[in-house]
Amino acid sequence: MPLDLVVGAQWGDEGKGRIVDRLAASADLVARWGGGDNAGHSVTVGDQVHRLHLIPSGILHPHTVCLLGAGMVIHPGRLVEEICQLQAAGVDVSPARLKLSAAAHVITPAHLALDAAQEAGRGAGQLGTTRRGIGPAYTDKAARRGLRAGAMRSPEEFSRQVTDSVSGAAAASPVDHASLLPEARAAGQEYAQHAEFLLPYLADTGRLVDEALSQGKLVLGEGAQGTLLDLDHGTYPYVTSSCTTTAGALAGLGIGAQHLRQVIGVVKCFQTRVGAGPFPTELHGDLADRLRGSGDRPWDEFGTTTGRPRRIGWLDAVLLRYAHRINGFTALALTKLDILSGLDPLCLCSEYRRQAGDEAAPEVSDLERASPVYLALPGWQSDLQPARAWEELPAPARDFVLEVERQAGVPIRLISVGPERQQLVERDPR
Ligand code: IMP
C-alpha cells in the first residue's frame, strides 16, 4: 500500500536518478509525475552510463513497471528515441513495462519554437530554459487548449491537430517565431508516426497506481527538477512550469495523500543551478571549477539535457530547511560526498545575515538580498569511494554529514560516495 517519493531539495541535478535506482530495487511501480524531457537523470550501471530524460530511472531494474504520469508534458519523438536507445542497450521497454498517461500533455513543434523565441526575446533577462517547449506546453494546458497524449489513439486526427497547431502558431503568438517553425504538414505526419509507435503504451496510469497500492505493492514516485524550481514555491520567475514538490506528486499521479509513507529529499552536498536566478552561496573561480569538474566525467557538473556548465556554490541550509517545510521530508539522501575530498575547510551556509535596518534576515522570496553566514568545517583528504558503511567514512566526513542533518532537522539515511550503483552508504541515524 505505500507510496514513497524521491524529491529534489535544490535546483535539480541533485542525483535523484541514482537514489531512485537504489530504491527501485524494492519497488513494483516507478512513476514520474511532472515535467518532461527538460529533466536529465544519469545512472551508472557497470560500465554503462544511462542518461534518461523522460523514462523513470526505475526502468533499469527488470522487475519494475514504469509510468509517465498525467502531470507530465511529453515530446513524442523524444520518448520514441529514448525507448529505442534503451532497447538498443538491452533494457526491456515493452508496453508491458512502460505506461504513458493518456492525460499527459503533448509538446508540439510550436511549443519548441515558442520556447526558443521567448527566450531570445528576453535578451539579458533570459530565464535560461532548456528550450524543450516545457513552459509553452504547460501554458496551453492551463489555458485549456492543450493536446493530450490520449489524442494519439486516432493518429490521423492527432496529425491534423499537430498540423493545425503549427500552421496557426505564428498568427497566435505575440513573438515572431515563424522562422523557427517546421513545415506544418510534415510535422503532423511525423507526429502521426510517433503516435502509431506509442499507441500501445497509452494507459490510465492513475488507475494503475491505485490498483498497485490497493494490492499492497510499493509505488515509488520519481521527482524531476527540484523544489527551488517549483512553479509556486521556487525562485519565481526563475523556475520551471510544473509542480516539483510532494504536493505535485499527488496531483500529477492522481492519488490521495493517505498512501504516502516516505518523502526522501535528495540533497547534493554542494549547491548547483543551471539557468538564471538568485543563488546566495554561488562561488566563482578555482573553487567553483574544482567542484564542477572539467566535463570529462559523466558526473561532472554540466547539464545532462543542455550540456551547459552548472553554476556552483556551497550547500545552503536555509534553502534546505525551506525545502523541508514545503515537502515534509521523512529522510534525506546526501549525494556526491566524495567530490568534497581534498577541500579544507568546507563551508555550509547556516543562515542569512540581517541587513542594517532590517528586523529579520531576508526570506527565501527575497534571495537577491541574502548574504550567507558560513560555518567552516574541517575537510578530509582520503578518497571516499571505497566506503560502504558509516564507520568507514573518515571522522570529518561523518561530522559534515551530521552537521547537515542538524541544520536540516531531517535524518540523513543515504550517502552517495561515487557514481556506481553500489557506491552508497546506508545509515540508520537513531
Ligand atoms: P524549463 O523547465 O526548460 O522551462 O527551464 C526553466 C528553468 O528550470 C531553467 O533555469 C532550467 O535550467 C531549469 N531546469 C529545468 N529542468 C531542469 C533539470 O532537470 N535540472 C536542472 N535545472 C532544470
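Because the structure is a prediction, the values reported are computed rather than measured. Just follow the structure's listing: the first ligand is 1, and inside any ligand the first atom is 1.
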Would you call Asp13 and Lys268 a salt bridge, taking side-chain N to carboxylate O under 4.0 Å as the test? no
Got the closest protein heavy atom to atom 14 (N) of ligand 1, with its distance? Leu229 CD1, 3.8 Å
Hey, is Ala224 one of the residues with a heavy atom under 4.0 angstrom from ligand 1? no
Within a 6.0 Å radius of atom CZ on Arg185, are there more than 12 heavy atoms belonging to other residues, nucleotides or ligands? no
So does Glu81 pair up with Arg78, basic N to acidic O under 4.0 Å? no
In plain terms, say whether Arg292 and Asp289 are close enough for a salt bridge, that is, a side-chain N and a carboxylate O under 4.0 Å apart. yes
Suppose we measure from atom 5 (O) of ligand 1 to each protein heavy atom; which comes out shortest, and what is that distance? Thr129 CA, 3.4 Å
Per-residue contact class, Asp115 against ligand 1 - non-hydrogen pairs under 4.0 Å: neither
Go through ligand 1 atom by atom and flag the ones less than 4.0 Å from a non-hydrogen atom of Gly128. 9 (C), 10 (O), 11 (C), 12 (O)
Would Arg308 count as being in polar contact with ligand 1, using the rule that some N or O on each side must be under 3.5 angstrom apart? yes
Salt bridge Arg145-Asp140, side-chain N to carboxylate O under 4.0 Å: yes
Judged by modelled atom types alone, do Trp380 and Ser341 share a side-chain donor-acceptor pair under 3.5 Å? yes
Should you measure from each heavy atom of Gln225, which atoms of ligand 1 turn up under 4.0 Å away? 15 (C), 16 (N), 17 (C), 18 (C), 19 (O)
Has Thr108 got a side-chain atom pairing as donor or acceptor with Ala110's backbone, closer than 3.5 angstrom? yes
Measure the distance from atom 7 (C) of ligand 1 to every protein heavy atom, then report the residue, atom name and distance (to 0.1 Å) of the closest one. Val239 O, 3.7 Å
Considering only heavy atoms, which of Thr130, Val73, Leu127, Ile134 lies nearest to atom 3 (O) of ligand 1? Thr130
Ligand 1 atoms nearer than 4.0 angstrom to some heavy atom of Asp13 are 20 (N), 21 (C)
Atoms in ligand 1 with a heavy atom of Trp11 nearer than 4.0 Å: 21 (C), 22 (N)
So which of Thr272, Leu343, Asp286, Asp300 actually passes side chain to side chain contact (heavy atoms under 4.5 Å, CB included) with Leu291? Leu343
Nitrogen or oxygen of Asn38 less than 3.5 angstrom from that of ligand 1: yes
Given 3.5 Å as the limit, does a donor-acceptor pair link the side chain of Ser416 with the main chain of Gly418, or not? no
Counterpart residues, side-chain hydrogen bond (donor to acceptor under 3.5 Å, both in side chains), relative to Gln126 (two or more places apart): none
Polar contacts were defined as any N/O atom of the residue lying under 3.5 Å from an N/O atom of the ligand; does this apply to Thr240 and ligand 1? yes
Which of the numbered atoms in ligand 1 are under 4.0 angstrom from any heavy atom belonging to Gly275? 10 (O)
Taking non-hydrogen atoms only, is Tyr238 closer than 4.0 angstrom to ligand 1 via side chain, backbone, both or neither? neither
Any N or O on Val274 sitting closer than 3.5 Å to an N or O of ligand 1? yes
